[in-house]
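Quick note on labels: first sequence line is chain A, next is B, and so on, each numbered from 1. Note that the coordinates shown come from a computational prediction; the quantities given were computed from them, not determined experimentally.
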Number of protein chains: 2
Amino acid sequence: MPGQKASEEARRTQILKAAYEVASRKGLDALTVRLVAHRAKLSTGLVLFHFKTKDQLIIALLDYVLQTTTVLHVTEDITSIPVPLDRLLALLRREMNRLASEPRLIRLFFDFWAKGFTHALVRTKMQAELDRYREAFRPIAHEVLRAEPERFAGVTPEGLSAVAVSFIKGCAVQSMIDPENFDIEEYLSATNGLLGQLAAQTA
Amino acid sequence: MPGQKASEEARRTQILKAAYEVASRKGLDALTVRLVAHRAKLSTGLVLFHFKTKDQLIIALLDYVLQTTTVLHVTEDITSIPVPLDRLLALLRREMNRLASEPRLIRLFFDFWAKGFTHALVRTKMQAELDRYREAFRPIAHEVLRAEPERFAGVTPEGLSAVAVSFIKGCAVQSMIDPENFDIEEYLSATNGLLGQLAAQTA
DNA sequence: CTTCACATTGACCGAGCGTTCAATGCTACA
DNA sequence: TGTAGCATTGAACGCTCGGTCAATGTGAAG
């Protein structure tokens with residue numbers, strides 16, 4: 001018996017949520033139209049009625065993931081930190097904590113990352129996301145360098161942002177494969193020791 | 001007509017090489033017994049005769065990849081560098097260059113990484129590899145800290161090694177998705193600016 | 001040369017995949 | 001109430017996959 005109708009938008013988000021549940025738990029490879037339909041308690045045909053193709057469903061899922069969860073928010077409690085380097089470190093800490101606390105998200109993120117190798121559109125979108133993320137670090141990086149120009153001689157804002165992002169991604173990778181032995185505080189302590197020294201010496 | 005015979009060892013490496021070719025180009029998902037057999041110019045049955053299961057083939061491929069290519073070699077031209085921090089930076093530079101120059105390897109590496117989320121044995125092996133890799137950085141990290149203890153107050157050798165590995169993995173991730181815009185020299189310059197300052201101030 | 005263990009082949013199987021589509025209900029509107 | 005249009009269903013199709021297996025050729029031992 002064909003079920004109730006629903007608005008286009010409602011159905012799409014319902015299906016996308018189901019797709020997210022499946023993909024973030026079982027992996028992108030295990031994402032099946034049937035599995036998504038079952039999770040959403042719909043028929044397989046309906047999923048492909050709203051997303052014409054499995055590929056389009058995956059792209060929509062990627063957009064959903066990027067828009068929902070991977071945006072860097074520089075909140076007020078961070079902008080209010082006076083010393084620029086402390087701001088950067090606080091931002092690093094929060095990002096690492098956020099990623100480590102959402103292993104399913106990281107997992108899905110890297111699944112898409114791997115898929116980007118084969119899938120051109122996915123690659124393009126991931127590149128854009130990476131650029132956005134790096135760009136979000138730029139202002140703070142710029143302030144850090146401006147506060148102590150002689151200490152960071154030869155370091156560009158772009159370079160510092162890129163290093164920060166690399167570091168975060170590296171931590172995410174590590175926490176993804178070994179979430180139990182991954183100690184955020186040890187990382188932050190080491191980073192703090194390395195970067196913090198620079199600030200301490202200026203004061 | 002059933003073809004020529006060959007020794008067990010020879011056949012296994014022949015198949016493994018074919019598997020590596022397929023997986024590193026098309027991705028682990030695209031790894032098919034038929035594709036591997038075709039690449040090795042053998043029948044599909046023979047692949048499963050030597051590796052009883054596709055899963056066992058994948059595990060063997062993982063071992064092959066790890067043993068062949070992901071070992072950290074601390075060569076003499078690096079150990080001969082007098083200043084410990086310079087040694088560490090030289091090692092970082094060489095590792096980043098090595099990874100960036102073998103995109104197919106990185107790709108396969110991260111494919112396995114993603115698979116480790118689902119596949120327990122893969123995860124275990126990747127964890128062990130990560131530990132080995134980190135451990136290889138420990139001696140140099142220890143020397144760096146020992147050379148300037150007051151500068152690196154609160155930083156442990158383990159922490160410094162972990163940070164170094166995270167940084168490398170982060171760069172690898174970045175270069176994987178965006179190999180064209182990835183500038184190793186900019187990274188090294190930024191890193192050098194950050195870490196190098198510490199050394200410069202001691203001298 | 002004969003024999004025999006076994007490496008090798010490729011057709012075959014069942015399962016699961018993405019996708020299609022005729023049939024079927026819902027619902028807004030007349 | 002009737003009906004037109006569309007959301008919804010699930011069976012069906014064609015395909016590829018991992019895995020099996022009877023048949024066949026090979027090479028070493030006797």
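- Phosphate contact (OP1/OP2 of C:dC17, side-chain N/O of A:T32, threshold under 4.0 Å): present.
- Computed from coordinates, the B:L42 CG to C:dA7 C1' distance equals 11 Å when rounded to whole Å.
- Here C:dT8 presents its P atom at 13 Å from CZ of B:R12, a figure rounded to the nearest Å.
- Minimum atom distance to the side chain of B:F49 is reached by C:dA7, of the listed C:dC12, C:dG18, C:dA7.
- B:I15 places its CD1 atom 11 Å from the C1' atom of C:dA7, with the value rounded to the nearest Å.
- The aromatic rings of B:F110 and B:W113 sit parallel to each other, their planes meeting at less than 30°, with 60° as the upper class boundary.
- Counting non-hydrogen atoms of other residues, nucleotides and ligands closer than 6.0 Å to CZ of A:R146 gives a total of 12 or fewer.
- The side chain of A:S43 sits closest to D:dT8 out of C:dT9, D:dT8, D:dG19.
- Side-chain atoms of A:L46 lie closest to D:dA7 of the nucleotides C:dG18, D:dA7, C:dA7.
- One atom, CZ of B:F51, and another, C1' of D:dG19, lie 16 Å apart when rounded to the nearest Å.
- The nearest heavy atom of DNA chain C to A:G45 and to A:A30 marks one nucleotide each, and the one closer to the 5' end goes with A:A30.
- A close approach under 4.0 Å does occur between a side-chain nitrogen or oxygen of A:R11 and OP1 or OP2 of D:dT8.
- Under the 4.5 Å side-chain criterion, counting only non-hydrogen atoms from C-beta, B:L88 is in contact with B:F137.
- Residue B:T44 places no side-chain N or O under 4.0 Å from the OP1 or OP2 atom of C:dG10.
- B:L31 comes within 4.0 angstrom of sugar-phosphate atoms only, judged by non-hydrogen atoms across all strands, and of no base.
- Annotation: cation-pi pair B:K169/B:Y133 present, NZ/CZ under 6.0 Å from the ring centroid and within 45° of its normal.
- Atoms NZ (A:K52) and P (C:dC21) sit 9 Å apart, rounded to a whole Å.
- Atom-to-atom, CZ of B:R34 to P of C:dC13 comes out at 13 Å; the value is rounded to the nearest Å.
- Distance CG (A:D55) to P (C:dC17): 17 Å, rounded to an integer number of Å.
- Among the nucleotides D:dT8, C:dG18, D:dG19, the one closest to any side-chain atom of B:L48 is D:dG19.
- The separation between B:Q14 atom CD and C:dA7 atom P is 15 Å, rounded to whole Å.
- B:T75 and B:D77 share a side-chain donor-acceptor pair at under 3.5 Å.
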